[in-house]
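First up is the structure itself, then whatever we jot down about it.
Chain A is the first sequence line, chain B the second, and so forth, proteins listed ahead of strands; every chain is numbered from 1. Just so it is clear, the values below take in all heavy atoms, side chains as well, and ignore hydrogens, waters and symmetry mates.
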There are 2 protein chains.
Amino acid sequence: MARSRLTPEREAELYEAVLDLLREVGYDALTMDAVAARTHSSKATLYRQWGSKPELVAMALRHSKPVDISRIDTGSLRGDFHEMVSQSDDCQMERDTALMRGLARAVHENDDLLQALRELFIEPEITGLDVLLQRAVGRGEISADNPALKYLSHMLVGAFVAHPLIKDESMSQGFLHEYLDAVVLPALGVPADGD
Amino acid sequence: MARSRLTPEREAELYEAVLDLLREVGYDALTMDAVAARTHSSKATLYRQWGSKPELVAMALRHSKPVDISRIDTGSLRGDFHEMVSQSDDCQMERDTALMRGLARAVHENDDLLQALRELFIEPEITGLDVLLQRAVGRGEISADNPALKYLSHMLVGAFVAHPLIKDESMSQGFLHEYLDAVVLPALGVPADGD
């Protein structure tokens, strides 16, 4: 994929349009024609740049994340985790929750979407989390063979999926800060109360 | 709901038929007519007994659980958790995963199904888990104000949802035993290696 043909600004504009369309009509009804029309670009450009609709959607999602996790570096794992949560606001999280629910449904019916999300969206996030964890290992905060290390994403996904299911509440910063201290940090053996 | 009108055997037969139909045609196409035809009962009986399709489906799911969690009592929380996992087999878990994925999709479109599942299936499971936790508190294994106590279901749901999403593997006993030791017990402050 030759991403260099578009300026970063133009790329960002396209991704925004894809997410808007996703929210408006859902994955199934989102067509490359609709994206081309909305963004005044040609379908040929879209296919040349992204290959397919699932890849375009996955890249748009990745672009929508407000923060590159691996660049967070507060000096402690606890600080990094809480900073990660602090960089999203509740309003954005509510929007994201609605979007992800719609996509969860589409994933059941489109295996190519699941593959694209895994490769272009989920794996880069996990890689970013790993950078934080490895730094914490390097500082001696957690041991390299801590068995919970490889389940960090399970814990986080659990919070996002289970919370609305069990509690009928949308995700919030407050909940996530609490969950980090109550579950994630203790599972990793990091004292929740800081230094 | 006057459940007493049917014998337990007949009730079990009806629940089995509902789950079979769910697997065959999915929630949307499952009709009370189809259940009545499959089980040679009248729609009037079904409605009198269960009130509605979402409630019938939720009760059928609850009935399909092989074990009443609160009756597990091995003498330690670690033992109880692992016993809970040991009582399901991998084949059943794979069947359940497929079923739950189909229902996850239906839940997005049917709020009455989410309500019924929450009330008749999720809450009783959480109540069963609470019995185990309270026994562990009583034995002094965990402290009553452990902040992770209220997130046990989040941790477990996380395992079930995140595992197939991240790993492209279906759920297995082996994975769950490992996850209990690596994440759930440490988060609760219970040594994973037993006594």
Exercise. Apply side chain to side chain contact (heavy atoms under 4.5 Å, CB included) to the pair A:H154 and B:V183, showing each step before the final yes or no.
Key: CA-CA 10 Å; A:H154 290 75; B:V183 169; over 6 Å; no
Exercise. Name all pairs fulfilling the side chain to side chain donor-acceptor pair (under 3.5 Å) condition that reach into residues 110-128 of chain A, sequence neighbours left out, sorted by first residue then second.
Key: A:R118-B:D168
Quiz item: Residue by residue, which of residues 145-153 of chain B have a heavy atom closer than 4.5 Å to a heavy atom belonging to chain A?
Solution: B:P147, B:A148, B:K150, B:Y151, B:S153
Quiz item: Taking non-hydrogen atoms and a cut-off under 4.5 angstrom, which of residues 131-138 of chain A neighbour chain B?
Solution: none
Quiz item: With a 4.5 angstrom heavy-atom cut-off, which part of A:L156 approaches chain B: side chain, backbone, both or neither?
Solution: neither
Practice problem: Check side chain to side chain contact (heavy atoms under 4.5 Å, CB included) between A:V107 and all other residues, then give those that pass, not counting sequence neighbours. | Solution: A:L113, A:L114, A:L117
Practice problem: Name the member of A:G158, A:A187, A:G189 that forms the most heavy-atom pairs with chain B at distances under 4.5 Å. | Solution: A:A187
